Amino acid sequence: MLDPQLLRDNLAAVAQKLADRGYQLDVAAWQKLEQQRKALQVETESLQSQRTKISKTIGQAKAKGEEVQPLLDQVSEIGEQLESSKTALQQVFADMEQVTLYTPNLAQDDVPVGQDEADNVEIRTWGEIPKFDFAVKDHVDLGAMSGFLDAEAAAQIAGSRFTVLSQDLARLQRALTQFMLDTHINSHGYHEYYVPYLVNDQAMLGSGQLPKFADDAFITEDGRFLIPTAEVPLTNLVANSILEVEDLPIKMTAHTPCFRREAGSYGKDTKGMIRQHQFDKVEMVQVVHPDQSDQALEEMTGHAENILKALKLPYRVIVLCTGDMGFSASKTYDIEVWVPAQNTYREISSCSNCMDFQARRMQARFRTPETKKPQLLHTLNGSGLAVGRTLLAVMENYQNADGGIRVPEVLQPYMGGKKVINQVSSL
RNA sequence: GGAGAGAUGGCAGAGCGGUUGAAUGCACUGGUCUUGAAAACCAGCGUACGUUAAUAGCGUACCCAGGGUUCGAAUCCCUGUCUCUCCGCCA
């Protein structure tokens, strides 16, 4: 949610920034609502003030045993006016809320202006793109050779966009997860969390998934949502709270499955593990002092990169242009890993600074030592990393000519010392 | 799932439907006293919104949430959420 004060004072500038990211704010309609709000609020509050005053004199008059009927007549007239004024005001507030809840965050000034992913800007690359002296296979074929990755079995029990992993590949995915968590805990200063995989609508609203993107999430019969990312439960841990400045920064990590409808992505990435309804992710969330969020974004992006560096997977970092950023983000770095079979980089992490956008929705604040007043925090989130996509990147980048997959050195301790996953099926 | 109890300011804890934004204690902040500290005493101490040049005044709202009754609700009624206790079930 944007700062209402900003909308009031700098409407034209806000509308321009929103237009940069492809969102058209109806300026005239908003101005009209704002005018109505002002008139109705002043009227309502003054009527309320009058009513309270008279009601108090009624109490006093009664106590003295005086006649109160004239006062009752007077107040009932005010009551009627108040009722209609109040109703009208509530409607205006509701209309305004509809606008603000559906309006995305403003991009930071250094975010490149652009329409879509074609306008994203590469910041840096890391690692050598591997050269193979044989025809590379994609992870689906590699998985099929071993029998440890089975899309058909998954389709039978769940449908498309699900995967069944078994034996060494299931273990390799677990190894990746453990390695990521351990790195964030031991080297990057995060605390590990275990969180609910189902959340209520309030949490989804707080982090910005609702109301606009309700179709992207799975909803349960009792009105809860399967988390599309651990960002939702983790970030909402600070909802409706006033923290002390000593508590900052808060750095949280959690491994959870993520559930996404992938509505509107028909025909995209239908093969393999790139785009699934269910995938595992290790998430990083930071809650920081507003002065620190820019720096925190750089650090958090580095934390995600460190995982790829340790796995020796080539990647590049891009900054998303205004048109390609997510709803709640003010600036986003995507990390893309090299996928040999596609001969391109694919997104494996997305790190965003949401500034006070989520904090305002969640009422997440801290007490400033200077003024002792509550002030909105800044929130950031980043994947560190998407486990399923990391698994397929390892499979493809570490493949041998015979279909075997070398286990990255840092994962070997998590694999019982195993160095190669062979294609021998024993299912 | 069944039965009961509860939800008030940072914490604890009062509160007959009427000058209650809310007693009292603790904590916290400032001051007096003191060589210093403690103690004691004095004062202050919620949040949001509106109005405004204003972080000054003034106004409004907020005692879990949402409705309702009333001239007037922290106080009465309804619904929901959550917590606790007991029973049942259970990884």
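Nothing here was measured: the structure is a model prediction, and the numbers come from that model. Below, chains carry the letters A, B, ... as their sequence lines are ordered, and counting in each starts from 1.
Between A/Asp324 and A/Arg21 there is no salt bridge, since no side-chain nitrogen of the basic residue lies less than 4.0 Å from a carboxylate oxygen of the acidic one. In summary, A/Arg37 and A/Glu34 engage in a salt bridge, as defined by a charged side-chain N under 4.0 Å from a carboxylate O.
In this view, A/Gln5 and A/Asp3, A/Arg8, A/Asp9 satisfy the side-chain contact (heavy atoms from CB on, under 4.5 Å) rule, not counting sequence neighbours. Residues passing the salt bridge (charged side-chain N to carboxylate O under 4.0 Å, His left out) test with A/Asp269 are A/Arg275, A/Arg346, sequence neighbours excluded. The ring pair (Phe, Tyr, Trp, His ring centres under 6.0 Å) search around A/His289 returns A/Phe366, not counting sequence neighbours. The ring pair (Phe, Tyr, Trp, His ring centres under 6.0 Å) test applied to A/His378 returns no partner, not counting sequence neighbours. Remark: A/Tyr102 engages no residue in a ring pair (Phe, Tyr, Trp, His ring centres under 6.0 Å) (not counting sequence neighbours). For A/His303, the ring pair (Phe, Tyr, Trp, His ring centres under 6.0 Å) partners are A/His188, A/Tyr190, not counting sequence neighbours.
A gap of 29 Å separates the P atoms of B/A74 and B/G4, to the nearest Å. Taking the P atoms as reference points, B/A38 lies 11 Å from B/U29, given to the whole Å. Going from the C1' atom of B/U20 to that of B/C41 covers 28 Å, rounded to whole Å. Rounded to a whole angstrom, the distance from the C1' atom of B/G9 to that of B/C28 is 13 Å. One C1' atom belongs to B/G59, the other to B/G21, and the distance between them is 15 Å to the nearest Å. Using atom C1' as the reference point in both B/G10 and B/C63, the two lie 16 Å apart (nearest Å). Distance check on atom C1': B/G31 versus B/A48 gives 31 Å, rounded to whole Å. For B/C87 and B/G17, the C1' atoms lie 39 Å apart once the distance is rounded to whole Å.
The CG-P distance, from A/Leu89 to B/U51, rounds to 12 Å in whole Å. Taking atom CG of residue A/Asp73 and atom P of nucleotide B/G72, one finds them 14 Å apart after rounding to whole Å. Here B/U47 presents its P atom at 15 Å from CG of A/Leu243, a figure rounded to the nearest Å. In this structure, A/Glu43 atom CD and B/A61 atom C1' are separated by 17 Å, rounded to whole Å. Between A/Leu82 atom CG and B/U60 atom P there is a gap of 12 Å when expressed in whole angstrom units. Spacing between atom NZ of A/Lys86 and atom P of B/U60 amounts to 13 Å, rounded to whole angstrom units.
The local environment of CD in A/Glu244 is crowded, with over 12 non-hydrogen atoms from other residues, nucleotides or ligands closer than 6.0 Å. In A/Lys309, the NZ atom is crowded: over 12 heavy atoms of neighbouring residues, nucleotides or ligands sit closer than 6.0 Å. Within 6.0 Å of atom CD in A/Glu298, more than 12 heavy atoms from other residues, nucleotides or ligands are found, so the atom counts as buried in its surroundings.
The only member of A/Gln286, A/Met362, A/Met355 that meets side-chain contact (heavy atoms from CB on, under 4.5 Å) when paired with A/Thr379 is A/Met362.
Listed by first and then second residue, the side chain to side chain donor-acceptor pair (under 3.5 Å) pairs that reach into residues 245-261 of chain A are A/His255-A/Asp280, sequence neighbours excluded.
The phosphate of B/U60 (OP1 or OP2) has a side-chain N or O of A/Ser49 nearer than 4.0 angstrom.
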What pairs of nitrogen or oxygen atoms, one from the protein and one from nucleotides 48-50 of chain B, lie under 3.5 Å apart?
| from | atom 1 | to | atom 2 | distance (Å) |
| --- | --- | --- | --- | --- |
| B/A48 | OP1 | A/Arg365 | NH1 | 3.2 |
| B/C49 | O2' | A/Gln41 | NE2 | 3.0 |
| B/G50 | OP1 | A/Arg8 | NH1 | 2.5 |
| B/G50 | OP1 | A/Arg8 | NH2 | 2.4 |
| B/G50 | O4' | A/Gln41 | NE2 | 3.1 |
| B/G50 | O3' | A/Arg37 | NH2 | 2.7 |

Identify each atom pair where a protein N or O and an N or O of nucleotides 8-12 of chain B are less than 3.5 Å apart, giving names and distance.
none

Side-chain donor-acceptor distances from residues 404-415 of chain A under 3.5 Å, at least two apart:
| from | atom 1 | to | atom 2 | distance (Å) |
| --- | --- | --- | --- | --- |
| A/Arg406 | NE | A/Asn400 | OD1 | 2.9 |
| A/Gln412 | NE2 | A/Val407 | O | 2.9 |
| A/Tyr414 | OH | A/Asp182 | OD2 | 2.7 |

Completion exercise
A correct 5'-to-3' footprint of nucleotides 65-71 of chain B, with B, S and - meaning base, sugar-phosphate only and no protein heavy atom under 4.0 Å, is ------B
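The two residues A/Thr332 and A/Asp334 have their closest heavy-atom pair at CG2-OD1, 3.6 Å.
Stem analysis of RNA chain B (Watson-Crick or G-U pairs, both distances under 3.5 Å, runs of at least three) returns B:1-7 with B:81-87, B:10-12 with B:24-26, B:28-32 with B:40-44, B:46-51 with B:57-62, B:64-68 with B:76-80.
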